[in-house]
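Shown below is the structure under consideration.
Order of appearance sets the numbers: ligands from 1, and atoms from 1 within every ligand. The basis for the numbers below is simple: all heavy atoms, side chains too, and nothing from hydrogens, waters or symmetry mates.
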Amino acid sequence: MDALQSVDRTKLPQHIAIIMDGNGRWAKERGEDRVYGHHEGVVSVREIVNGCAELGISYLTLYAFSTENWNRPKEEVNALMELLVNTIRKEAEELKKNNVRMHVIGDFCSLPEICQKELNEAIDMTAANTGLNLILALSYSSRWEMIDAAKKMAADAVSGKLKPEEINDTIFHKYLNTAAFPDPELMIRTSGEYRISNFLLYQLAYAELYFTDVHWPDFRKPQLYEALLNYQQRERRFGKTSEQIQTNTPQHA
Ligand code: FPP
C-alpha cells in the first residue's frame with residue numbers, strides 16, 4: 001500500500017504551513033547555481049499545491065520570501081522576484097481553473113511594483129474560488145507582523161475604537177495578516193534545519209512540527225503524504241492530559 005492510500009482522509013489538517021528550505025544546497029550538490037534550485041523549487045510548489053488541493057486541504061501557507069531574505073545578494077533577490085513574477089503570471093490561470101484561491105501575507109508594499117501588480121491580478125482572478133486557499137508569505141516575518149498589529153491596535157486605541165482592557169486572543173488575531181485564516185495544525189520544514197525562522201510564531205502555538213532532511217526541490221507528493229502520516233500519529237493535547245483527550249475528540253482547529 002503506498003503512502004497516499006494510508007493517509008486517513010478524516011484526520012487531515014485543515015491548514016498546512018511550509019518553510020521551503022534547501023533550494024540553494026540542492027543546487028550546490030548538483031554543481032549548479034542557487035537560482036537553479038529556486039526554479040526546481042517552483043516545481044515542488046506546483047506539485048504540493050496540487051497534492052493539497054486533491055486531498056481537500058483548505059489552507060496552505062508557503063514561506064516564499066522572508067523579511068530577512070532581502071539581505072541576500074542582490075542578484076539572488078532579483079532572481080527570486082523575477083521567478084515569482086513569472087511563476088504567478090504563468091500559473092494564475094491554472095490556479096483559477098483548479099479552484100485555488102490565492103492570498104498574500106507580509107509587507108506587500110515592500111515588494112517591487114511589478115510583483116505587486118501580478119500578485120493583485122492573481123488574487124483578483126481567483127477571488128471567487130472555493131477550494132484550496134494558497135497563502136504566499138512574501139516579505140513576511142512574524143515579528144514584522146506582530147509589530148504591525150501592535151501599531152494598528154495602538155492607533156485604534158488612541159482613536160477610541162479599541163479598549164485596551166478588551167484585547168484578548170480573538171481581538172489580537174483580528175489584527176494579524178492571517179486574520180482570515182485558521183491557525184495551521186501542521187508546520188513542515190524541509191532540509192534538515194530545526195528552526196521556525198520568524199514564521200507564524202503566534203499562529204503555530206499548537207501546531208505539530210515536522211522536520212525532514214529532504215531539500216525542498218525533492219519534496220513532492222510522496223513526501224507530503226509521509227508528513228501527513230506522521231502528523232496523524234501525533235496526539236494533539238492542547239495542554240490537556242492524554243486521558244482527557246482520549247475521552248474527548250481533539251479539535252483540529
Ligand atoms: C529557501 O531555500 C528558499 C527560499 C528562500 C525561496 C523559496 C522560493 C521558491 C521555492 C520559489 C518561488 C516560490 C513561489 C511561491 C513561486 P534556500 O535558498 O534558503 O536554501 P539553502 O538553505 O540551501 O541555501
Just verifying a value: how many Å separate L60 CG and I135 CD1, rounded to the nearest 0.5 Å?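 Separation between the atoms: 7.5 Å.
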Quick one: which ligand 1 atoms are inside 4.0 Å of a heavy atom on R25?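 Answer for ligand 1: 21 (P), 22 (O), 23 (O).
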Can you tell me which residue among D183, T61, I57 is in a side-chain contact (heavy atoms from CB on, under 4.5 Å) with H15?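 Option passing the side-chain contact (heavy atoms from CB on, under 4.5 Å) with H15: T61.
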Give me the nearest non-hydrogen protein atom to atom 4 (C) of ligand 1 as residue plus atom name, then the distance to 0.1 Å.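 Heavy-atom neighbour on the protein nearest atom 4 (C) of ligand 1: H38 CE1, 4.0 Å.
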Closest protein heavy atom to atom 11 (C) of ligand 1, given as residue, atom name and distance to 0.1 Å: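 Scanning the protein heavy atoms, the shortest distance from atom 11 (C) of ligand 1 goes to V42 CG2, 3.7 Å.
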For E193 and R195, what are the C-alpha separation, side-chain angles and deciding distance, and is it a salt bridge (Lys or Arg N to Asp or Glu O under 4.0 Å)? CA-CA 6 Å; E193 305 290 349; R195 289 189 293 277; 3.3 Å; yes
Would you mind checking which non-hydrogen protein atom is closest to atom 24 (O) of ligand 1, with the distance to 0.1 Å?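 In this structure, atom 24 (O) of ligand 1 has R34 NH1, 2.9 Å as its nearest protein heavy atom.
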Say whether G24, considering both its backbone and side-chain N or O atoms, lies within less than 3.5 Å of an N or O atom on ligand 1.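 Yes, since at least one N or O of G24 sits under 3.5 Å from an N or O of ligand 1.
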Residue and atom name of the nearest protein heavy atom (relative to atom 14 (C) of ligand 1), distance in Å to one decimal: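 It is L84 CD1, 4.2 Å.
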What is the minimum heavy-atom distance between N69 and V77, and which atoms define it?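 Answer, listing the atom of N69 first, then V77: O-CG2, 3.5 Å.
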Taking atom CD of E166 as the centre, report whether more than 12 heavy atoms of other residues, nucleotides or ligands fall under 6.0 Å from it.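 Yes, because the 6.0 Å sphere around CD of E166 holds more than 12 heavy atoms from other groups.
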By the definition side-chain contact (heavy atoms from CB on, under 4.5 Å), identify the one residue from L200, L138, N198 that meets it with Y63.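 The option that passes is N198.
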Nearest 0.5 angstrom please: F108 CZ to L136 CG, how far?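 Reported value, rounded in 0.5 Å steps: 10.5 Å.
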Can a non-hydrogen atom of S191 be found less than 4.0 Å from any atom of ligand 1?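 Distance cut 4.0 Å: S191 fails for ligand 1.
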Taking atom 15 (C) of ligand 1 as the reference point, the nearest protein heavy atom with its distance: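 Nearest protein contact, heavy atoms only, for atom 15 (C) of ligand 1 is L136 CD2, 3.7 Å.
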Per the side chain to side chain donor-acceptor pair (under 3.5 Å) rule, which among K28, E40, E29 passes with H215?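 That would be E29; it is the only one of K28, E40, E29 passing the side chain to side chain donor-acceptor pair (under 3.5 Å) with H215.
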For atom 9 (C) of ligand 1, find the nearest protein heavy atom and state the residue, atom name and distance (0.1 Å precision).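 Going by distance alone, atom 9 (C) of ligand 1 is nearest to N23 ND2, 3.9 Å.
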Quick one: list whatever passes salt bridge (Lys or Arg N to Asp or Glu O under 4.0 Å) with K152, sequence neighbours left out.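 Applying salt bridge (Lys or Arg N to Asp or Glu O under 4.0 Å) to K152 gives D148.
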Of all the atoms in ligand 1, which lie at a distance below 4.0 Å from a heavy atom belonging to A64?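 Counting from 1, the qualifying ligand atoms are 6 (C), 7 (C), 8 (C).
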Let me confirm one number: the CD1-OG1 distance from I18 to T190, rounded to the nearest 0.5 Å.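 These two atoms lie 8.0 Å from each other.
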Select the closest option to atom 17 (P) of ligand 1 among M20, E68, R72, judged by heavy-atom distance.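 It is R72 that holds the nearest heavy atom.
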Taking the non-hydrogen atoms of L62, is any one of them nearer than 4.0 angstrom to ligand 1?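 No, L62 has no heavy atom closer than 4.0 Å to ligand 1.
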Report the part of H215 (side chain from C-beta onward, or backbone N, CA, C, O) that has a heavy atom under 4.0 Å from ligand 1; answer both or neither where that applies.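 It is neither part, as no heavy atom is under 4.0 Å.
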Write out the residue and atom name of the closest protein heavy atom to atom 16 (C) of ligand 1, then the distance separating them to 0.1 Å.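 Nearest protein contact, heavy atoms only, for atom 16 (C) of ligand 1 is T87 CG2, 3.7 Å.
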Top protein contact for atom 5 (C) of ligand 1, by heavy-atom distance: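 Result: N69 OD1, 3.6 Å.
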